[in-house]
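First comes the structure, then the notes that go with it.
Ligands are counted one by one from 1 in listed order, and the atoms in each one are counted from 1 as well. What's counted below: heavy atoms across the whole structure, side chains too, no hydrogens, waters or symmetry copies.
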Amino acid sequence: MAHPLARMARAVYHPWPMALLAGVLSALLLLAASQLFASLQAQRMESAEMNARGERFLQRIEQLFGQLREGLDELEGQPLRGCDRAMVEVLRQVSFSHRFIYEAAFIGGRQHCSSWPRQSSLDVNRPPDIKGTRHQYWLNTSAERDDDLAALVIGRGYFRVSTSRGHLADVVDLEPGSSLLLVGKDSGQVLPLLGPQPIWPPKGWPSPEDRPLLIGGEQLVYTMPRPGQTFQLVLVAPRAGLRQRIDDIWQPLLPACLLLALLTGALVFQQVRQRQSLTGSLAGALRRRELHVHYQPIIDLQSRRCVGAEALVRWQRPDGTLTHPDLFIPLAEATGQIRRVTDYVLEEVLEQLGDLLRSHPQLYISVNLAPCDVSHSRIAAVAARLLQRFKVAPQQIAFEITERGMVDVQAARETLSELRAQGHKVLIDDFGTGYCSLAYLQDLPIDYLKIDKTFVDTLGHDAASSGVAPHIIRMAHALELKVVAEGIEDDAQARLLASEGAHSGQGWLFDRALTAQKFRERMAAQAEVP
Ligand SMILES: Nc1nc2c(ncn2[C@@H]2O[C@@H]3COP(=O)(O)O[C@H]4[C@@H](O)[C@H](n5cnc6c(=O)[nH]c(N)nc65)O[C@@H]4COP(=O)(O)O[C@H]3[C@H]2O)c(=O)[nH]1
């Protein structure tokens with residue numbers, strides 16, 4: 001009885017459901033990824049803009065402060081002290097010649113006079129909000145919308161100069177909802193210069209000196225770097241535009257995401273249909289016996305005589321096209337058809353070469369087993385039945401399993417033990433490419449290690465893996481196993497492998513895979529040479 005999950009997978013495994021599933025999943029994935037991308041991009045842009053705005057504001061504010069201090073220096077530097085017409089004239093002069101000075105005033109004892117005698121907005125008795133080493137600061141934090149209000153007053157000695165809220169707003173050019181604050185560095189006192197009073201302090205405040213921008217969930221807080229000052233200028237901007245910005249980046253990506261999802265669906269549709277048609281065709285090919293078995297001779301590396309052959313399946317379609325085993329064997333493994341392929345190959349071998357094997361008792365043919373042949377104890381019984389039918393000795397049929405076939409080591413051990421008990425030889429194919437550890441090797445009932453072509457290719461070269469083949473041979477000897485090397489393409493490789501102690505080998509140096517007829521002819525030619 002098939003597992004419910006396997007049954008469900010089989011029910012879904014049709015071109016349309018699979019294409020739909022792939023399309024929907026890839027659409028969801030792409031949409032989520034593009035949302036993430038848009039959100040990161042929008043946040044990056046938002047931060048870059050806020051940093052740039054903060055730096056721009058800082059420059060302008062420094063310019064404004066610079067003018068106020070310059071005005072104070074000029075007033076301090078002139079000789080007049082006391083309130084008379086000349087002083088008022090001086091105060092006016094300073095106010096007119098500096099764009100950001102809204103009002104200049106003299107306050108000395110009981111006397112005070114201003115460049116705006118009738119509408120002075122200075123509160124002469126109010127103590128400063130911030131006392132610096134050279135300057136004192138007063139802030140008018142009234143929420144009244146009055147452009148002429150002295151928003152910031154700086155004092156030095158007998159003089160004070162102020163800048164209006166209008167000037168400040170010109171310089172800073174705040175966006176709606178943003179605020180400009182003055183925050184005492186030590187006291188933490190917060191005075192809003194412009195805009196509404198935000199919730200203070202924000203999470204994460206104060207931010208590290210080298211990172212002026214603090215990103216909160218609802219707002220961005222930019223602290224203008226002013227080393228050595230007693231207060232910090234802080235710009236606070238709401239993140240209200242972030243959602244819109246994300247949407248602006250994301251929306252143009254939407255069609256591309258949907259198109260890609262559609263393409264993925266179409267690709268999956270085509271792949272599943274191709275696989276299904278290949279699966280269907282393979283079933284038909286097995287029924288019509290269109291698969292052919294070829295034989296690649298295995299050569300004794302000392303005597304250079306053929307001692308056996310590896311059975312390699314070929315699929316020649318009725319239209320003459322050849323489907324490579326690397327394409328249909330994995331598919332047959334995935335669909336469970338591989339057992340029928342294995343049985344088919346075994347039967348073909350015995351049918352085609354049964355008489356040759358009977359007349360050459362030392363000759364053997366090795367047959368590839370798939371992982372599922374190894375994990376289920378079935379093949380031993382099939383082999384026994386066929387060998388009895390064709391009257392061939394079990395030691396003349398060897399079985400090759402790859403390291404992939406050893407996933408379930410316990411099941412593999414049982415199958416291999418059964419095969420060996422029947423008299424078959426067992427080989428580990430493509431040795432070195434999988435995950436068969438030395439510990440397992442010691443324990444497994446096997447006779448041969450087959451060195452993979454990749455390690456034979458690098459023999460004698462300056463590659464990192466050039467020492468692997470000799471190492472495998474030494475290891476095999478220590479475990480009393482024989483070694484077959486595959487993919488030998490030149491004589492130097494054959495000689496090197498022989499000198500290292502490999503017993504036999506196969507490869508294009510000796511022969512490619514031959515038809516049964518050609519293999520017979522080769523054996524006959526060999527028999528004529530003593
Ligand atoms: N470049 C090069 N190639 C060489 C040389 N000598 C041999 N080969 C090729 O290397 C592959 C060796 O077989 P494999 O490792 O068992 O690898 C086999 C085996 O894993 C699988 N396969 C083939 N027949 C069967 C079968 O009947 N059952 C199962 N389960 N798998 C099979 O398909 C794979 C590919 O088989 P093939 O295409 O016949 O390819 C064969 C063979 O033709 C050489 O000197 N140079």
> Would Arg239 and Ile215 satisfy side chain to side chain contact (heavy atoms under 4.5 Å, CB included), going step by step from the backbone distance to the final call?
Replying inline: CA-CA 9 Å; Arg239 304 184 77 189; Ile215 302 172; 3.4 Å; yes

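- Contact between Trp315 and Ala285 at its shortest, heavy atoms only, is NE1-CB, 3.4 Å.
- Counting non-hydrogen atoms of neighbouring residues, nucleotides and ligands closer than 6.0 angstrom, the CZ atom of Arg273 reaches no more than 12 such neighbours.
- The proximity of Val367 to ligand 1, defined as any non-hydrogen pair under 4.0 Å, does not occur for either the backbone or the side chain.
- Of the heavy atoms in Gln296, only side-chain atoms (C-beta onward) come closer than 4.0 Å to ligand 1.
- With a 4.0 Å cut-off on non-hydrogen atoms, Ile488 touches ligand 1 through its backbone and not its side chain.
- With hydrogens and angles ignored, the 3.5 Å screen pairs no side-chain donor or acceptor of His424 with any backbone N or O of Phe399.
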> Please walk me through it: do Val426 and Leu444 pass side chain to side chain contact (heavy atoms under 4.5 Å, CB included)?
Replying inline: CA-CA 10 Å; Val426 175; Leu444 279 171; over 6 Å; no

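- Of all atoms in ligand 1, listed by their number and element, those nearer than 4.0 Å to a heavy atom of Val345 are 27 (O).
- Looking at Arg512 against ligand 1, nothing comes within 4.0 Å, counting heavy atoms.
- When hydrogens are left out, the protein atom nearest atom 42 (C) of ligand 1 is Leu312 CD1, 3.8 Å; that is the closest non-hydrogen contact.
- Checking atom 9 (C) of ligand 1 against the protein gives no heavy-atom contact under 4.0 Å.
- Within a 6.0 Å sphere centred on CH2 of Trp16, heavy atoms belonging to other residues, nucleotides or ligands number 12 at most.
- When all heavy atoms are compared, the tightest approach of Val272 to Pro15 is CG1-N, 3.7 Å.
- Asp326 OD1, 3.5 Å is the protein heavy atom nearest to atom 35 (C) of ligand 1.
- When Val341, Asn368, Asp457, Asp430 are ranked by how near their heavy atoms come to atom 28 (N) of ligand 1, first place goes to Asn368.
- Look at Lys450 and you'll find every heavy atom at least 4.0 Å from all atoms of ligand 1.
- The closest approach between a heavy atom of Gly487 and any atom of ligand 1 is below 4.0 Å.
- Going from atom NE2 of His360 over to atom SG of Cys306 covers 9.0 Å, rounded to the nearest 0.5 Å.
- Looking at Asp247 and Arg243, a side-chain N of the basic residue comes within less than 4.0 Å of a carboxylate O on the acidic one, giving a salt bridge.
- By the definition of a contact as any protein heavy atom under 4.0 Å away, atom 20 (O) of ligand 1 is not in contact.
- Note on Asp373 versus Arg378: salt bridge recorded, some NZ/NE/NH1/NH2 to OD/OE distance being below 4.0 Å.
- At a heavy-atom cutoff of 4.0 Å, ligand 1 is contacted by no atom of Glu333, backbone or side chain.
- Annotation: Glu310 places an N or O atom under 3.5 Å from an N or O atom of ligand 1; distance criterion only.
- With a heavy-atom cut-off of 4.0 Å, Gln506 does not touch ligand 1 at all.
- Taking 4.5 Å as the limit, every side-chain heavy atom of Glu486 sits out of range of all side-chain heavy atoms of Gln296.
- With Glu55 contributing its side chain and Ala52 its backbone, the two residues share no donor-acceptor pair below 3.5 Å.
- Sparse packing is recorded around CD of Glu218, with 12 or fewer heavy atoms of other residues, nucleotides or ligands lying under 6.0 Å away.
- The closest protein non-hydrogen atom to atom 36 (O) of ligand 1 is Pro325 CG, 3.7 Å.
- For atom 13 (O) of ligand 1, the protein comes within 4.0 Å by at least one heavy atom.
- Checking Phe510, Trp315, Phe328, Trp508 against atom 3 (N) of ligand 1, the nearest heavy atom belongs to Trp508.
- A salt bridge does not link Arg385 with Asp343: every distance from a Lys NZ or Arg NE/NH1/NH2 to an Asp or Glu carboxylate oxygen is 4.0 Å or more.
- In terms of modelled atom types and a separation under 3.5 Å, the side chain of Ser178 and the main chain of Ala237 share no donor-acceptor contact.
- Remark: ligand 1 and Val313 share an N or O pair separated by less than 3.5 Å (distance only, no angle test).
- Looking at Arg314, Glu486, Glu489, His294, it is Arg314 that brings a heavy atom closest to atom 39 (O) of ligand 1.
- Atom 33 (O) of ligand 1 is flagged as protein-proximal [any protein heavy atom, distance under 4.0 Å].
- The protein reaches atom 25 (C) of ligand 1 closely, with a heavy atom under 4.0 angstrom from it.
- Shortest contact from atom 38 (O) of ligand 1 to any protein heavy atom: His324 CE1, 3.2 Å.
- Residue Gly507 approaches ligand 1 through these ligand atoms, each under 4.0 Å from one of its heavy atoms: 6 (N), 45 (O).
- Close to ligand 1: Asp429, with a non-hydrogen atom less than 4.0 angstrom away.
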